[in-house]
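Input: a single structure, listed below in structure tokens.
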Amino acid sequence: MIRINDILDKVSNYNPEANLDIIERAYIYSARVHEGQIRLSGEPYLSHPLEVAGILADMKLDAVSVAAGILHDVIEDTHATAQEIMEIFGEEITHIVNGVTKLSALSFGSSQARQAENIRKMILAMADDIRVILIKLADRLHNMVTLNFHSEDKRLKIAQETLDIYAPIAARLGIYWIKKELEDTSFMYLQPEEYAKIKEFVSTNREEREKYIETVKSFIEKKMDEANLKCEVMGRFKYYYSIYQKMIKQGLAFEEVYDIIAFRIILDTIPKSYEALGIVHSLWKPVPKKFKDYIGVPKPNMYQSLHTTVIGPYGERIEIQIRTREMDKVAKSGIAAHWSYKEGKRSDEQIRKTFAWIQNLVENQENIGDPDEFLENVRIDLFPDEVYVFTPRGEIKSVPRGATPVDFAYLIHTEVGNQCAGAKVSGRIVPLQYELKTGDTVEIITNKKGHPSKDWLNFVKSVKARSRIRQWIKTEEKERSLTLGREMCEKAFRKDRLNFNTLLKSEDMGKVVEYFGFKTIDDLIASVGYGKITPLQIIRKITPKPEPDEKHESILEKIISRVRKKKPKAGIVVKGVDDILVKFGKCCQPVPGDPITGYITRGYGVTVHRTRCVNALKMSPERQIDVQWNLDLVDTYPVKIRVRSYDRVGMLADIAATISKNGANIVSASTETRESKIVDSFFTIAVEDTNHLKKVVSAIRKISNIQEVKRIDR
């Protein structure tokens, strides 16, 4: 366990004038309030805030940040209050600690909603003071070290959240060493078999590879010295998750991943960096399309470097990065390099501009209430790859990789997006699905009578475009449903000799609105148009009758009565009724154990989707209805998996036998073989629930030469 004196020594080394008193007082206070608390690992709880503070000191942050790191858990996990922290440590530290504290005291409808609100709060705090997220990253980094003391379910949940949210944030902030550690640890827990294979692969012939690093390193140093270029050369093994990602993206087997070693050349100036690049390319043949100039066009997180891949001395690929010492400092620490003790209390204007994406993240999320949609959009927003395009006036705009002219239109202005009718890229008319590339000049053609299309949701990449399109569709659907709902209510009320328009203004109708949980009468009527409730339900609440006449039945009730004559769909309960017409979305194939949601489809009952299904996220929230698995009934459900493997005799037979041995039936199977001798095998198998599926997948992963097993949507 790190000691407080070690932390004070670290801070003193990089800032002799630091206010060490505030760190010591934070330590004494934290030790007092955490006294007697033990972590799951059996260590005193105080070890955790000290380790977090140690990481912050390694990042060379100011004394306030280090003190806040020591105090980051006191409000959440002890009797300490924000008011007490304010009185002892002042407003600045209290503000940071409040930003880091989770919303554990509040009540949420689900763990997903709690996670969404925690992330939302963290993003808001991060926009206000970047030190909040630096402490949060240090906190998560140390928590991942002790993740093995949690239950398996919690381990997997935390590891997935780390991979989806925290590692991308570290990348966007340019703190790559934290990103790499978070990704590797998450990878170890989420895909233990793949992790173990890559670890063993890297460890094999390690001594031989280390000799190779020294040989190439010495050769580069010699050539640079001959050109009078003073430099530092380093060689390293790539981390496990990046090797795995390369295998998946390029469809490579373990044995075919040659460039697991990367070299870095560090020089004094930018001109010398380009000169060194010329020498490297004269020594070894560069691989086409593998050169990236991040000095001329830096990444959004200020990262700068020259990247090239060459065919090395033994015919193998070598990745080489060339940069200045200052660039190397930023590459190692990211924004932390600009938020050190030298910067004072607030980051400068240039830093705020560079990290304007944080504010965009806040603005994009502020109107999203659904937790699933919110978390999905955060993941999209944190996607690190960006493309740089030009407006007709020559302004540079960054859009996510794969973005289209529609994304660009919404980036300019919501109205431009809504009225987008076409686009020109570099003077040529292109389809709206066209994927923008770096250097494109984009011009949007608008039509004042135009409007968004639901089909745009199939290809837009940016959160802003997606949310604005959904917002427009939601408004349009609400207006249509309001008109339809009013017509349905007027007709049903007339049959009961009731005046709908008169009752609309009565107190009784206000009580009905409250009973069904709506805010306004318009919301109630719109829900009738959507099919969520029926006019008859409203009539029953205003004038209760023991036996309603069958001719007054609504569309939804006719569906229910019609299906009662059929065998109920096993496994699903809709709002307490298990005999409504139910079908499963073919797009995502839910099975028991998956989080699910239902959507009312006029004339077709309820369609059940997985909550994170892309098609479900496109649908109007007003059509959503609560559904749950009926665990009393046992059935089998189809699910599609993709098995990626190295081609060998008997592989398909081994996979089929393993599936059957684990109690799953193969409904269909197909294979695709690539030129690289990698085979993609697609199986639709019938399983009982997600646990059964995990058992089958785990068994397949143990077969020799299997590269990846993944559940996929159709």
Spell out, as yes or no, whether a donor-acceptor pair under 3.5 Å connects the side chain of Ser467 to the backbone of Lys464. yes

Does Tyr410 reach the side chain of Trp456, with side-chain heavy atoms less than 4.5 Å apart? yes

Value for SG (Cys588) from CD1 (Ile712), rounded to nearest 0.5 Å, stands at 13.0 Å

Roughly how far, to the nearest 0.5 Å, is the CZ atom of Arg610 from the OG1 atom of Thr690? 10.0 Å

Rounded at 0.5 Å granularity, tell me how far CD in Glu183 sits from CD1 in Ile178. 12.5 Å

More than 12 heavy atoms of other residues, nucleotides or ligands under 6.0 Å from NZ of Lys437: yes or no? yes

OG of Ser242 to OH of Tyr176, rounded to nearest 0.5 Å, is 13.0 Å

Contact check, side chains of Leu190 and Leu163, non-hydrogen atoms, under 4.5 Å: yes

Verify whether one side chain among Arg468 and Thr414 offers a donor that lies under 3.5 Å from an acceptor in the other. yes

With a 4.5 Å cut-off on side-chain heavy atoms, are Tyr294 and Leu306 touching? no

Checking Gln433 side chain against Thr404 main chain: does a donor-acceptor pair fall under 3.5 Å? no

Go through the steps to decide whether Val591 and Gln589 satisfy the test side chain to side chain contact (heavy atoms under 4.5 Å, CB included), and finish with yes or no. CA-CA 7 Å; Val591 299; Gln589 296 179 310; 5.8 Å; no

Return the minimal non-hydrogen interatomic distance between Ser65 and Ile135, and the atom names on each side. O-CD1, 3.8 Å

Mark yes or no for whether Asp594, through its side chain, and Ile596, through its backbone, hold a donor-acceptor pair below 3.5 Å. no

Check this for me: does any side-chain nitrogen of one of Glu435 and Arg401 sit under 4.0 Å from a carboxylate oxygen of the other? no

Do Arg470 and Leu457 make a side-chain contact, defined as non-hydrogen atoms from C-beta onward lying under 4.5 Å apart? yes

Before accepting this row, confirm whether a basic side-chain N of the pair Arg486/Glu490 lies closer than 4.0 Å to the acidic partner's carboxylate O. no

Main-chain N/O of His95 paired with Asn98 side-chain donor or acceptor, under 3.5 Å: no

Between Pro452 and Asn418, the two heavy atoms sitting closest are CG-OD1, 3.3 Å

Quick check: does any side chain N or O of Arg323 sit under 3.5 Å from a backbone N or O of Ser273, one acting as donor and the other as acceptor? no

Hey, are the side chains of Trp177 and Met59 touching, using non-hydrogen atoms and a 4.5 Å cut-off? yes

Give me the atom names and distance for the closest heavy-atom approach of Phe459 to Leu432. CE1-O, 3.5 Å

When you measure from the side chain of Asp184 to the backbone of Tyr241, do you find a donor-acceptor pair of N or O atoms at a distance under 3.5 Å? yes

Over all heavy atoms of both residues, which pair between Gly598 and Val627 is shortest? Give the atoms and the distance, please. N-CG2, 3.5 Å

Any chance the side chains of Tyr244 and Gln191 put a donor and an acceptor closer than 3.5 Å? yes

Indicate yes or no for a side-chain donor-acceptor contact from Asp440 to the backbone of Val389 under 3.5 Å, with no hydrogens or angles considered. no

Quick one, Glu181 with Met144, criterion side chain to side chain contact (heavy atoms under 4.5 Å, CB included). Give me CA distance, side-chain angles, the key distance, then yes/no. CA-CA 9 Å; Glu181 287 198 34; Met144 292 299 285; over 6 Å; no

Val608 to Pro590 - nearest heavy-atom pair and separation: O-CG, 3.8 Å

Hey, could you give me the CZ/CD distance between Arg428 and Glu443, rounded to the nearest 0.5 Å? 13.5 Å

Judged by modelled atom types alone, do Gln321 and Arg264 share a side-chain donor-acceptor pair under 3.5 Å? yes

Do Lys461 and Leu436 have side chains that approach each other closer than 4.5 Å (heavy atoms only, starting at C-beta)? no

Side chain of His609, backbone of Thr611: donor and acceptor closer than 3.5 Å? no

Side chain proximity check, Ile158 to Thr162, heavy atoms < 4.5 angstrom: yes

Taking the side chain from Thr185 and the backbone from Leu182, do they hold a donor-acceptor pair closer than 3.5 Å? no

Greater than 12 external heavy atoms within 6.0 Å of Ile445's CD1: yes

Could Arg140 and Tyr166 be counted as a cation-pi pair, given that NZ or CZ must be under 6.0 Å from the ring centre and within 45° of the axis? yes

When the aromatic ring centroids of His307 and Phe291 are compared, is their separation below 6.0 Å? no

Checking side chain to side chain contact (heavy atoms under 4.5 Å, CB included) for the pair Ile320/Val310: CA distance, chi angles, key distance, verdict? CA-CA 8 Å; Ile320 299 175; Val310 296; 4.1 Å; yes

N-O pairing of Lys238 and Glu319 below 4.0 Å: yes

Step by step, would you call Leu524 with Phe516 a side chain to side chain contact (heavy atoms under 4.5 Å, CB included)? CA-CA 8 Å; Leu524 174 71; Phe516 284 108; 3.9 Å; yes

When every non-hydrogen atom of Ala159 is compared with those of Ser186, the smallest separation belongs to O-OG, 3.3 Å

Please check: side-chain N/O of Ser305 versus main-chain N/O of Ile322, any donor-acceptor pairing under 3.5 Å? yes

ring-ring contact (aromatic ring centres under 6.0 Å, His included) with His451: which residues, sequence neighbours excluded? Trp472

Does a donor on one side chain sit under 3.5 Å from an acceptor on the other, for Tyr240 and Lys180? no

Kindly indicate whether the side chain of Ile270, heavy atoms from C-beta on, has any atom under 4.5 Å from the side chain of Thr324. yes

Out of curiosity, Asp680 CG to Gln707 CD, how far, rounded to the nearest 0.5 Å? 8.5 Å

